[in-house]
Number of protein chains: 4
Amino acid sequence: MPLTISIDLGSPVPAYRQIADRLRETLVTGHLRPGDALPPVRQLATDLGVHFNTVAEAYRTLATEGWLMLRRGSGAVVVERGVPPPAAPEQRDRLALALRDAVLKMRAAGWPAEEIAIELHKALKGTPS
Amino acid sequence: MPLTISIDLGSPVPAYRQIADRLRETLVTGHLRPGDALPPVRQLATDLGVHFNTVAEAYRTLATEGWLMLRRGSGAVVVERGVPPPAAPEQRDRLALALRDAVLKMRAAGWPAEEIAIELHKALKGTPS
Amino acid sequence: MPLTISIDLGSPVPAYRQIADRLRETLVTGHLRPGDALPPVRQLATDLGVHFNTVAEAYRTLATEGWLMLRRGSGAVVVERGVPPPAAPEQRDRLALALRDAVLKMRAAGWPAEEIAIELHKALKGTPS
Amino acid sequence: MPLTISIDLGSPVPAYRQIADRLRETLVTGHLRPGDALPPVRQLATDLGVHFNTVAEAYRTLATEGWLMLRRGSGAVVVERGVPPPAAPEQRDRLALALRDAVLKMRAAGWPAEEIAIELHKALKGTPS
DNA sequence: GTGGTCTAGACCACG
DNA sequence: GTGGTCTAGACCACA
């Protein structure tokens, strides 16, 4: 499967971050494994209908997070990851808050609590470890 | 309790949206009920250390979402809510995606699946209906 | 019929103008005729759930337009009207523009052109001369 | 034609809403079509002699109505519209009421019923579908 | 005293 | 160069 992701222009979430998010998914779930090469920036850019700088920014984000290694000329490669660095407590809180906000917005939009739990388990399913 | 919320000015999430998020919490959880008056924009603004326009923007957001009624001269009042307006499917997807993103970022940061489930239930707890 | 009108707090249109608009209706359509007395400011105010100053402001608006005569102690009375003063062309344009805007917003909201015409005729019906 | 609209700064109707109204016109009548780009907020602002925030507010209004897509770095683009979102009955009433008000104010200002009908048909003409 | 509008302008984030 | 956010503060309209 040649890495099919899709993003939502028109969302308030910037394109480069959506791309990084979608790619991080494939990394977390193990669909992209250490040693695998990511598609060239320009190819993924045309696939998604964005400027290649936007994709490059996403790759840079993931590289900073320690997922990728970028080398001029040889593209982006998934890195062998050890234990994820223990997140700063401030960072932890932010992530938990994002979850909380997502849940409350769904509640506010009328989702039943059960469906939200189902969505959560869909998201958790397939994530190793 | 005079409505104590707090925001993080250093966060990438804009202040006005944080304010709206925190207020939406108190609305979803029923701590603010139909008929209740919100603090004047200028007061909440000084409490939070932001400009009153920033709070006004948050109030306006919640008003267009149907939570509040804003009236010149009177103030901001929580509205009696009927059925939540049927969200466009696009909007629904965005909400579910936000949940998925939050979960996967937590996984990527090394949270055990179980702890994430606990966080979820904390978020769901106390939301009526 | 003891003059039953209703307004929509929560609308962006200020209450006093809604009251004036509703009253002007009854004047244009002839349900209130020269010599008729309007309800006391305080009574109409409590009926509508607004401050009596708000109703007073509406009465004043209609008095300025030449519909009413206000006398302290004797309340508001509908005036014998001659020919309406020829509106300034600027005023004429504003009124026509309001009609145009109303129509376009209905179109934008998906109303069929025919239904809009029906609404128009409902509005015109019963207006004498 | 580079989108020529004009507003009346002396009107009680706020400038940002006038701008939104005028733009909605060009959208409803099909003079601006899906995919078309709107002028940058700052450019339209200087054209109209207002601050760019005022134009931005108008754009945001149309964006939440589903007409536009705003993207940082790109610009404002007219969106492909599906079915107009089913307006809340409350909203429907408000629109019909605005029409009714406009008509009765014209009657009150002395317009003959026939001329009003003519104005209506001018407003309806050119609106497709 | 309440919210609403607007300006002026700085600074940021995105593409 | 695009839109987004925020501040500072004036002035208005409303109740």
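Remember, it's a predicted structure, so these values are computed and weren't measured experimentally. A, B, ... follow the sequence lines: proteins, then strands. Residue 1 opens every chain.
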Practice task
To the nearest Å, give me how far apart CD1 (I7(B)) and P (dT5(F)) are.
Solution key: 14 Å
Give every donor-acceptor pair under 3.5 Å between a side-chain atom in residues 66-78 of chain A and any protein atom, sequence neighbours left out.
{"unit_1": "W67(A)", "atom_1": "NE1", "unit_2": "E65(A)", "atom_2": "OE1", "d": "3.3"}
{"unit_1": "S74(A)", "atom_1": "OG", "unit_2": "R71(A)", "atom_2": "O", "d": "3.4"}

Exercise for the section: Could I get the full list of side-chain contact (heavy atoms from CB on, under 4.5 Å) partners for A98(B), not counting sequence neighbours? Expected result: A102(A)
Exercise for the section: Mind checking R42(D) for me? I need base, sugar-phosphate or nothing, with any heavy atom below 4.0 Å counting as a touch. Expected result: base
Practice task
Using side-chain contact (heavy atoms from CB on, under 4.5 Å) as the criterion, list what pairs up with P14(A), not counting sequence neighbours.
Solution key: Y16(A), R17(A)
Practice task
Kindly write out the residues that satisfy side-chain contact (heavy atoms from CB on, under 4.5 Å) with A15(C), not counting sequence neighbours, or none if the list is empty.
Solution key: I7(C), L9(C), T54(C)
Practice task
Name all residues meeting the salt bridge (Lys or Arg N to Asp or Glu O under 4.0 Å) criterion together with D21(B); count only those two or more places apart in sequence or in a different chain, and write none if there are none.
Solution key: K105(A), R24(B)
Practice task
Among residues two or more places apart or on two chains, list those pairs meeting salt bridge (charged side-chain N to carboxylate O under 4.0 Å, His left out) that have a residue in residues 27-43 of chain D.
Solution key: none
Problem - Under the 3.5 Å Watson-Crick or G-U criterion, the dot-bracket string of DNA chain E, with | for inter-strand pairs - result: ||||||||||||||.
Exercise for the section: Starting at CG of L32(C), measure out to CD of E25(C) and round the result to the nearest 0.5 Å. Expected result: 11.5 Å
Exercise for the section: Have a look at V50(D) and say if it touches a base, only the backbone sugar-phosphate, or nothing, with a 4.0 Å heavy-atom cut-off. Expected result: sugar-phosphate
Practice task
Specify the residue among P14(A) and V13(D) whose closest nucleotide of DNA chain E lies further upstream toward the 5′ end.
Solution key: V13(D)
Handout entry: salt bridge (Lys or Arg N to Asp or Glu O under 4.0 Å) between D101(A) and R22(B), intermediate numbers included
Key = CA-CA 8 Å; D101(A) 279 349; R22(B) 294 292 82 70; 2.4 Å; yes
Problem - M106(D) and V28(C), any side-chain heavy atoms less than 4.5 Å apart - result: no
Exercise for the section: Calculate the interatomic distance between M69(B) atom CE and dC14(F) atom C1'; express it in whole Å. Expected result: 14 Å
Exercise for the section: Take atom CG of L70(D) and atom P of dG15(E), then tell me their distance rounded to the nearest Å. Expected result: 13 Å
Exercise for the section: Write down the distance between CG (L9(C)) and C1' (dG3(E)), rounded to a whole number of angstrom. Expected result: 15 Å
Handout entry: Members of residues 51-62 of chain D that approach DNA chain F, where some heavy atom sits under 4.0 Å away
Key = F52(D), N53(D)
Handout entry: Given DNA chain F, 5'-ward residue of the pair G73(B) and P40(D), judged by closest heavy atom
Key = P40(D)
Completion exercise
The correct set of residues in residues 16-23 of chain A placing a heavy atom under 4.0 Å from DNA chain E is Y16(A), R17(A)
Fill in the blank from the handout: To the nearest angstrom, the CG-P distance between D8(B) and dC6(F) comes to 12 Å
Exercise for the section: Using the test side-chain contact (heavy atoms from CB on, under 4.5 Å), find all partners of D8(C) that sit at least two apart in sequence or belong to another chain. Expected result: S11(C), Q18(C), R94(D)
Problem - Residue closer to the 5' end of DNA chain E, L38(B) versus G49(D) (nearest nucleotide) - result: L38(B)
Practice task
Could I get the full list of salt bridge (Lys or Arg N to Asp or Glu O under 4.0 Å) partners for E57(B), not counting sequence neighbours?
Solution key: R60(B)
Practice task
Test side chain to side chain contact (heavy atoms under 4.5 Å, CB included) on L62(C) and L23(C) and set out the steps.
Solution key: CA-CA 8 Å; L62(C) 293 170; L23(C) 290 177; 3.5 Å; yes
Handout entry: Rounded interatomic separation in angstrom, taking CZ from R72(B) and P from dA13(F)
Key = 8 Å
Fill in the blank from the handout: Which of dA15(F), dT5(E), dC14(E) is nearest the side chain of A15(C)? It is dA15(F)
